[in-house]
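Heads up, the thing below is written out as structure tokens.
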Amino acid sequence: MLAWMFTDERWSAARRFLYAGALWALVAGAYDALVWAQRVWPGLLADFPWTSHGRLVAAARDLWTFGFLSSLLVGAALRVVGQGERDGLWSEPLANLALWLWTAAQLLAVWWLGAGWTRGRPFGEAPWPIDLLRLASALLLLWVVKRTLERGAAQEPALGSLLFGFAALPVVLVLGKGLFWPFANPYAGVVDALAQSFLRGGLTWLWCAPLGAGVALYLVAAVAGRPPWAPALVGAAVVALGALAPLVAPAAFVWGPVPFWVQTVGAVAQALLLLPLVTVLTGIVRPLAGRWEAVREQPGVAFLLAGWLAVATGAAALALASLLGPSRVAHLTLWEEGARLLVTGGFAAVAAGAAYTLTPHVLGRALVSRALAWRHFWVLVGVWALSVPALLLAGLAQGATWATGTVPFAHGAQAAAPFMAVRFAGALGLLGAHGLFAWNLFLTADSGEPVPAAERELVPVTG
Amino acid sequence: MAVASWVRFALVATVCGFAATVLLPAADPAVRAGRAAHVAPEASYGRWVYAREGCVACHTQQVRAVEGRFGMVQEPQDLGQTSTPAQYAGQNPALLGDLRLGPDLSHVASRIRSADELRQLLRSGRGGMPPHAYLPDRDLDALVAYLLTLR
């Protein structure tokens with residue numbers, strides 16, 4: 001049993017992280033659908049504490065970030081990092097240990113958040129034993145990735161971006177959750193609110209973004225068979241991401257009860273964050289110039305492109321909501337939910353695209369059905385096209401009714417209700433898309449056509 | 001490994017950014033002006049129930065500067081005075097919230113006619129708010145006691 005759990009088989013950890021991600025995608029999709037169903041029918045399953053709305057929201061947020069997105073991105077990142085000299089990871093058993101710790105933490109999080117054991121913060125609420133498990137797993141992953149990269153002379157910004165993501169996660173967890181004193185929240189008052197916002201922003205822009213950028217930049221260049229575009233500029237973008245992402249935290253409190261100078265820093269940083277994101281997007285698009293057939297042939301590449309486009313668009317919508325004028329009607333409303341759906345959905349697309357592209361290189365088998373992958377893609381695009389405008393409009397309707405000062409709050413809520421029904425339909429679409437993804441991946445693992453050994457290697461990308 | 005140096009630089013920038021936007025505001029006079037208010041044990045437990053049940057997923061506790069003038073839940077200007085950083089002193093966790101699907105609760109006690117009305121609302125729900133009939137009486141009473149402290 002132990003030998004199986006901590007096997008040193010090449011790419012076993014990456015493969016297992018991808019499997020875990022596909023499974024968590026289904027669970028996260030189901031929680032998300034239930035959350036939005038309850039927003040349309042508030043009495044649904046409200047008689048049970050485990051399915052009460054507040055607890056479901058906490059669990060859904062945790063599942064999306066740590067279960068679904070993180071598992072898939074880590075799986076893809078480990079495969080890309082291990083490419084170095086084609087020797088695999090520095091230590092597969094340690095990477096597998098990180099996988100089991102991560103998975104155990106996720107199982108406990110779903111259980112405990114449902115049972116009502118929480119830190120009580122609105123984002124990243126898991127209690128401290130789960131945080132410590134995740135921190136241990138993150139440190140193990142950082143160690144394995146760092147030692148793996150040290151074996152080679154890798155200078156690609158994509159690999160640097162991955163290393164930064166793995167190094168930033170422990171920092172985000174320790175500072176954002178106050179894990180330097182894990183048994184009680186060391187922050188209080190406005191500082192705690194800012195730390196919560198830092199945690200939320202950190203998990204998005206310091207964890208998902210560097211991993212998503214590294215994986216996408218590397219895979220697109222590998223598929224196109226071209227060197228990465230402007231390595232120095234992309235490297236600078238990753239540094240800018242690291243510098244700007246923590247400054248974004250106060251943008252959640254524009255017009256709110258934090259000192260005005262902090263709000264200003266947050267709003268400016270939120271706008272400037274677009275620069276590194278657009279630079280990464282450009283770095284993904286440029287190697288494909290003149291090779292657009294790669295997008296048609298490989299659905300994974302289309303996912304990577306569309307995902308980063310969604311991330312950049314969502315970040316722009318968040319930046320708009322942080323400006324003093326628009327924030328009057330957009331902030332605290334469903335506008336921000338729409339923007340975040342684009343950002344997290346974008347990273348979900350990047351994660352799925354990486355998994356599709358890496359199938360032969362991790363599972364050793366060709367993807368069973370490209371048609372299913374394309375269906376997944378178009379369902380995802382359809383969900384964005386339907387849900388995001390609905391949420392943005394709902395947010396504006398809410399904000400406009402608040403701003404009049406003459407319309408009761410309940411009327412504003414009623415105005416948003418039809419849009420939330422659209423978002424619920426989108427949640428069902430997302431769940432279906434995750435089902436297609438998991439089905440395709442597990443079918444490939446089970447009965448996909450084996451690819452020759454030579455084709456299992458990724459094309460090395462050098463700057 | 002050449003990338004290690006700029007990765008280290010990015011990490012240092014991250015930590016400095018955290019210090020600037022999360023820790024430094026603690027030294028701002030507007031934040032330091034507040035002192036943690038005394039909360040009765042039942043209300044304190046009720047605050048924990050509020051956090052445990054995820055009320056913060058739909059309710060904010062922050063009246064923004066733009067809303068202090070014209071915000072409205074039932075009657076004009078009933079949202080109450082604009083929130084200040086000092087009001088949150090000692091609150092752990094801070095429950096400002098980031099999405100307002102239900103009304104802001106910063107001054108909810110000033111809008112409620114009686115504890116019974118509030119208890120009934122929590123039990124059976126209203127409008128978009130789900131019922132919380134599963135809550136034991138002790139938790140419900142504590143939650144009501146906490147909400148009544150929000151004046």
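All values below come from the heavy atoms of this structure, side chains included, with hydrogens, waters and symmetry mates left out. Chain identifiers are assigned alphabetically (A, B, ...) following the order of the sequence lines, protein sequences preceding nucleic acid strands; residue numbering begins at 1 within each chain. Computed from a predicted model, the values in this text were never measured in an experiment.
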Mind checking whether [X] and [Y] have side chains closer than 4.5 Å, heavy atoms only?
X        : Y        : result
A:Val258 : B:Pro85  : no
A:Leu334 : B:Leu101 : yes
B:Gln62  : A:Leu332 : yes
B:Thr84  : A:Pro257 : no
A:Pro42  : B:Met129 : no
B:Glu53  : A:Ser52  : yes

Where is the tightest heavy-atom contact between [X] and [Y], given as atom of each residue plus distance?
X        : Y        : result
A:Pro246 : B:Ala13  : CG-O, 4.3 Å
B:Pro130 : A:Ala46  : CB-CB, 4.2 Å
B:Val22  : A:Val191 : O-CG1, 3.6 Å

What distance do [X] atom [atom1] and [Y] atom [atom2] have between them, rounded to the nearest 0.5 Å?
X        : Y        : atom1 : atom2 : answer
B:Phe18  : A:Leu206 : CZ    : CG    : 11.5 Å
B:Thr21  : A:Trp261 : OG1   : CH2   : 8.0 Å
A:Leu247 : B:Thr14  : CG    : OG1   : 9.0 Å
B:Arg100 : A:Phe409 : CZ    : CZ    : 7.0 Å
A:Leu113 : B:Arg52  : CG    : CZ    : 13.0 Å

Checking A:Val238 against B:Trp6 for the side chain to side chain contact (heavy atoms under 4.5 Å, CB included) test, could you report, in this order, the C-alpha distance in whole Å, the side-chain angles of both residues, the deciding distance, and whether it holds? CA-CA 9 Å; A:Val238 176; B:Trp6 61 262; 3.7 Å; yes
Hey, could you give me each pair passing side chain to side chain donor-acceptor pair (under 3.5 Å) that has a residue in residues 161-171 of chain A? Not counting sequence neighbours. none
Most heavy-atom pairs under 4.5 angstrom with chain B, which of [options]?
options                                : result
A:Ala249, A:Gly189, A:Ala240, A:Ala416 : A:Gly189
A:Gly43, A:Gly176, A:Ala193            : A:Ala193
A:Ala417, A:Ala252, A:Pro49            : A:Pro49

Inspect the contact between A:Asp47 and B:Arg123 and indicate whether a charged nitrogen and a carboxylate oxygen are less than 4.0 angstrom apart. no
Side chain, backbone, both or neither of B:Leu99 within contact of chain A (heavy atoms, under 4.5 Å): both
Quick one: what part of B:Cys16 sits under 4.5 Å from any heavy atom of chain A, side chain, backbone, both or neither? neither
Contacting region of [X] [heavy-atom separation from chain B under 4.5 Å]:
X        : value
A:Thr118 : both
A:Gln414 : neither
A:Tyr187 : both
A:Gln38  : neither
A:Ala195 : both
A:Pro250 : side chain
A:Phe164 : both

Quick one: do A:Val254 and B:Arg64 satisfy side chain to side chain contact (heavy atoms under 4.5 Å, CB included)? Show the steps, please. CA-CA 8 Å; A:Val254 174; B:Arg64 299 182 300 161; over 6 Å; no
Who wins among [options] for the most heavy-atom pairs under 4.5 Å with chain A?
options                              : value
B:Pro93, B:Gly125, B:Pro131, B:Gly90 : B:Pro93
B:Gln91, B:His132, B:Arg47           : B:Gln91
B:Val56, B:Asn92, B:Asp104           : B:Asn92
B:Leu11, B:Leu95, B:Val63            : B:Leu11
B:Gly54, B:Ala10, B:Ala51            : B:Ala10
B:Ser83, B:Pro103, B:Ala57, B:Ala26  : B:Pro103

Member of A:Arg200, A:His331, A:Gln196 meeting the side chain to side chain donor-acceptor pair (under 3.5 Å) criterion with B:Asp98: A:Arg200
